[in-house]
Amino acid sequence: MSLLTTFCLAFASSETTHWWDYPGFELWKFVNLFIFAGLLLYILFRKANLGLAFQNRRESIKNELEKARQERDAALAQLKEVEERLAGLNNQIESIQENSKREAAAERERIAKSTEEEIAKLTAQGQREIETAARTAKKELQRFTAEQSVRLAEEILKREMRPEDDVRMIARNIEEMGAAQ
């Protein structure tokens with residue numbers, strides 16, 4: 001049976017007892033409980049400074065919440081800064097890549113120009129060496145030709161020279177030497 005039903009039945013049959021005197025539901029027990037709870041609360045809040053302890057605890061919780069909010073704001077600011085750095089880093093990477101491409105193109109151009117200059121130098125050097133070799137070969141050929149001409153002339157002279165030609169040449173040489181003195 002519910003408490004409300006019991007209360008209603010007790011109130012309805014109130015011939016000899018009143019609702020506050022119903023067995024197990026005496027009003028004095030509730031009044032006693034409220035007085036005890038009130039005194040307990042009074043002692044705890046006034047005498048044991050429980051109210052001050054609760055107030056201090058409330059203030060410390062407020063301070064901790066404020067500190068946590070400040071730390072969260074600082075963390076969000078750092079996160080924003082890191083994200084900005086990352087965005088800047090992407091820009092820096094793109095700029096470095098563009099600079100690298102430009103430098104690589106300039107380097108290719110410089111190498112091509114240097115190669116062309118080196119080819120021109122080597123070509124000129126080769127041409128000079130060819131000309132020098134040609135002059136040397138020409139001189140060598142002239143010397144060889146002169147030697148062969150002298151050899152052939154000697155052979156011809158030995159073959160066709162007679163002793164009287166030999167005497168006549170010696171005499172002419174002596175005359176020329178005497179006239180030269």
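Quick note: residue numbers are just sequence positions, from 1. We use all heavy atoms of the structure for the numbers below, so side chains are in, but hydrogens, waters and symmetry mates are not. Remember, predicted model here, so these are calculated numbers, not experimental data.
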Student: Set out, in order, the CA-CA distance, both residues' side-chain angles and the distance that settles side chain to side chain contact (heavy atoms under 4.5 Å, CB included) for Arg108 and Ile111, then state yes or no.
Tutor: CA-CA 5 Å; Arg108 277 192 299 273; Ile111 289 172; 5.8 Å; no
Student: Are Lys138 and Leu141 close enough, and set up right, to give a side chain to side chain contact (heavy atoms under 4.5 Å, CB included), and what steps lead you there?
Tutor: CA-CA 5 Å; Lys138 192 174 183 180; Leu141 185 58; 5.6 Å; no
Student: What's the spacing between Thr145 OG1 and Lys139 NZ if we round to 0.5 Å?
Tutor: 15.0 Å
Student: In this structure, are over 12 heavy atoms from other groups packed under 6.0 Å from Arg172 atom CZ?
Tutor: no
Student: If hydrophobic clusters are built from ILVMFWY residues whose side chains come within less than 4.5 Å, do Leu152 and Phe144 share one?
Tutor: no
Student: Less than 4.0 Å between a side-chain N and a carboxylate O, is that true for Glu107 and Arg110?
Tutor: yes
Student: At what distance, to the nearest 0.5 angstrom, does CZ of Arg143 lie from OG1 of Thr136?
Tutor: 12.0 Å
Student: Are Lys113 and Glu109 ion-paired here, with the side-chain N under 4.0 Å from a carboxylate O?
Tutor: no
Student: First locate atom CG of Leu41, then atom CZ of Phe36, and finally report the distance between them rounded to the nearest 0.5 Å.
Tutor: 10.0 Å
Student: To the nearest 0.5 Å, how far apart are CD in Glu81 and CD in Glu83?
Tutor: 11.0 Å
Student: Go through the steps to decide whether Gln125 and Leu122 satisfy the test side chain to side chain contact (heavy atoms under 4.5 Å, CB included), and finish with yes or no.
Tutor: CA-CA 5 Å; Gln125 182 180 359; Leu122 290 174; 3.9 Å; yes
Student: Any ion pair linking Arg69 and Glu66 (charged N to carboxylate O, less than 4.0 Å)?
Tutor: yes
Student: Check step by step if salt bridge (charged side-chain N to carboxylate O under 4.0 Å, His left out) holds for Glu117 and Lys121.
Tutor: CA-CA 6 Å; Glu117 290 173 357; Lys121 285 180 186 177; 5.7 Å; no
Student: Taking atom CG of Asp73 and atom CD of Gln78, what is their separation to the nearest 0.5 Å?
Tutor: 11.5 Å
Student: Would Arg151 and Gln148 satisfy side chain to side chain donor-acceptor pair (under 3.5 Å), going step by step from the backbone distance to the final call?
Tutor: CA-CA 5 Å; Arg151 190 182 59 78; Gln148 290 299 323; 2.7 Å; yes
Student: Can you tell me how far apart CD (Glu64) and NZ (Lys67) are? Round to the nearest 0.5 Å.
Tutor: 8.0 Å
Student: Please check if Ile93 and Val82 belong to a single hydrophobic cluster, counting links between Ile, Leu, Val, Met, Phe, Trp and Tyr side chain heavy atoms closer than 4.5 Å.
Tutor: yes
Student: Is there a side-chain contact between Arg135 and Thr132 in this structure, where contact means two heavy atoms from C-beta onward sitting under 4.5 Å apart?
Tutor: yes
